[in-house]
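Side chains included, hydrogens not; waters and symmetry mates left out as well; all remaining heavy atoms used. Heads up: numbering here begins at 1 and tracks the sequence. This one's a predicted model, so the numbers in the text were calculated from it and none came from an experiment.
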Amino acid sequence: MANIYGVLGCPVHHSLSPVMHNDAFRELGIAGHYYAFHVEKEHLRDAIKGLKALGIAGVNVTIPHKTAVIPLLDEIDNMARQIGAVNTIVNENGRLIGYNTDGPGFVRALCEETKTDIKGKRVLLVGAGGAARGIYFALASAQASRIDVCNRTKSNAEQLIEQSAVSIASAAYSLQEAEERLAEYEIVINTTSVGLYPNVDATPLSLENLRVNTIVSDIIYNPLETKWLREAKEKGAVVQNGVGMFVYQGALAFEKWTGIFPNVERMRRIVIQQLGGKEC
Ligand code: ATR
């Protein structure tokens, strides 16, 4: 009998995960089916119990459940606990174990796509929400030399740094302060939703002071090339869009469920096809 997998979220109908994972199951000859499950906040507890009752082999968890799901699981992996968010659950013989593959997925995509080693790099994160938290932790684990965080609300950036379980050189800045210091960084990452469809004319940070060859990464993948990434390219930056993070978080989850790391190039092609575009 095929194993059942899925994603729990709200909204979830637009998720690209089912088509990406189902293709990987088919390609690898694994008997698995992946579905999108719309779960409202008040039903999360029952949905998690249902995973056990129905013998569902594994799920992804997405907005708005990544933090709320933690107390409902039997075990939380160390990194997920320290990030404070779970995006992947494995059902191991009736025990539900929570992991976070978002942060590690981002770092792996960044390293492989831009051919960069994070170790020793000076990084600026734009934004201080849930996505920033996971990426901050994973970058620190990959031994960046410093990670500064800038945010519209500076106090949220201060809080992210204070609450982080890792100790690394870090400072919090307002957006304007960061814009002035931009030339200090080798890697600049947008973790906010600024520039996301349909607000495609918005940009999160002025790139006026950007140095040539800086790596500029945007976790947004709709549009595939945000206005901000276009501006970065014009400034001579090496750019990366959010498809890589999405694909690698999925590939790492797939590996946790099946023990097999899937073909990420194939996953990437499928996701880009679904987004109806050509990669920038
Ligand atoms: P996620 O969990 O997906 O990261 P989030 O927790 O809502 O989402 O975080 C959103 C981030 O984007 C925050 O850093 C937020 O800044 P504030 O802390 O000031 O709210 C940032 N953000 C969202 N909309 C923004 C906007 N229009 N301009 C600047 N920053 C914005």
Side-chain angles (χ1 to χ4, degrees), residues 14 16 63 102-103 105-116 118 121-136 138-139 144 146-154 156-157 160-161 170-249 268 271-272 274-280:
H14 64 284
L16 299 172
I63 290 166
D102 285 329
F106 174 83
V107 166
R108 192 131 163 207
L110 185 71
C111 294
E112 295 196 6
E113 291 178 359
T114 65
K115 313 267 181 290
T116 306
I118 306 289
K121 295 288 192 302
R122 296 183 301 274
V123 184
L124 175 68
L125 281 189
V126 187
R133 217 165 274 272
I135 290 172
Y136 182 93
L139 288 169
R146 66 175 302 124
I147 310 172
D148 293 341
V149 183
C150 67
N151 195 41
R152 174 177 63 180
T153 314
K154 186 173 167 180
N156 289 344
L160 184 155
I161 293 168
S170 279
Y173 294 118
S174 66
L175 295 177
Q176 197 191 337
E177 286 166 339
E179 284 166 356
E180 284 160 12
R181 318 178 72 103
L182 205 57
E184 293 174 16
Y185 301 98
E186 290 151 289
I187 304 175
V188 180
I189 303 160
N190 174 40
T191 71
T192 76
S193 53
V194 179
L196 180 67
Y197 179 85
N199 299 317
V200 295
D201 286 330
T203 56
L205 194 78
S206 159
L207 295 175
E208 201 181 317
N209 295 326
L210 191 75
R211 272 196 323 198
V212 174
N213 289 333
T214 304
I215 292 173
V216 176
S217 176
D218 197 331
I219 68 166
I220 293 173
Y221 55 80
N222 184 17
L224 281 169
E225 188 179 59
T226 56
K227 183 177 177 193
W228 194 63
L229 281 191
R230 271 201 307 281
E231 287 178 3
K233 242 185 189 174
E234 281 161 17
K235 284 268 180 190
V238 175
V239 301
Q240 182 198 30
N241 68 16
V243 172
M245 178 181 181
F246 177 72
V247 164
Y248 274 86
Q249 65 73 33
R268 163 190 293 285
V271 168
I272 290 171
Q274 291 295 310
L275 292 166
K278 285 200 173 71
E279 183 111 46
C280 54

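Heavy-atom neighbours of Q274 CD from other residues, nucleotides or ligands within 6.0 Å: above the threshold of 12. No more than 12 heavy-atom neighbours from other residues, nucleotides or ligands sit within 6.0 angstrom of CD on Q176.
Put simply, the side chain of E179 gets close to the backbone of S206: a donor and an acceptor are under 3.5 Å apart. Using modelled atom types, no side-chain atom of K227 and backbone atom of A202 make a donor-acceptor pair closer than 3.5 Å. Checked by atom type and distance alone, the side chain of N241 pairs as donor or acceptor with a backbone atom of L224 at under 3.5 Å. Proximity of a side-chain donor or acceptor of T214 to a complementary backbone N or O of I187 within less than 3.5 Å is not detected. Counting only distance, with no hydrogens or angles, the side chain of E112 and the backbone of A109 share no donor-acceptor pair below 3.5 Å.
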After noting the C-alpha distance and the side-chain angles of D102 and M245, does the key distance pass the side chain to side chain contact (heavy atoms under 4.5 Å, CB included) rule?
CA-CA 7 Å; D102 285 329; M245 178 181 181; 4.0 Å; yes
Candidate pair N190 and T192, rule side chain to side chain donor-acceptor pair (under 3.5 Å), full reasoning
CA-CA 6 Å; N190 174 40; T192 76; 2.8 Å; yes
Do D148 and L124 pass the side chain to side chain contact (heavy atoms under 4.5 Å, CB included) test, and can you show the C-alpha distance, the side-chain angles, and the key distance before you say yes or no?
CA-CA 5 Å; D148 293 341; L124 175 68; 4.1 Å; yes
Test side chain to side chain contact (heavy atoms under 4.5 Å, CB included) on Q240 and L110; report intermediate values, then the result.
CA-CA 7 Å; Q240 182 198 30; L110 185 71; 3.2 Å; yes
For V194 and W228, what are the C-alpha separation, side-chain angles and deciding distance, and is it a side chain to side chain contact (heavy atoms under 4.5 Å, CB included)?
CA-CA 9 Å; V194 179; W228 194 63; over 6 Å; no
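Partners of Y173 under the ring-ring contact (aromatic ring centres under 6.0 Å, His included) rule, at least two apart in sequence or in another chain, do not exist in this structure.
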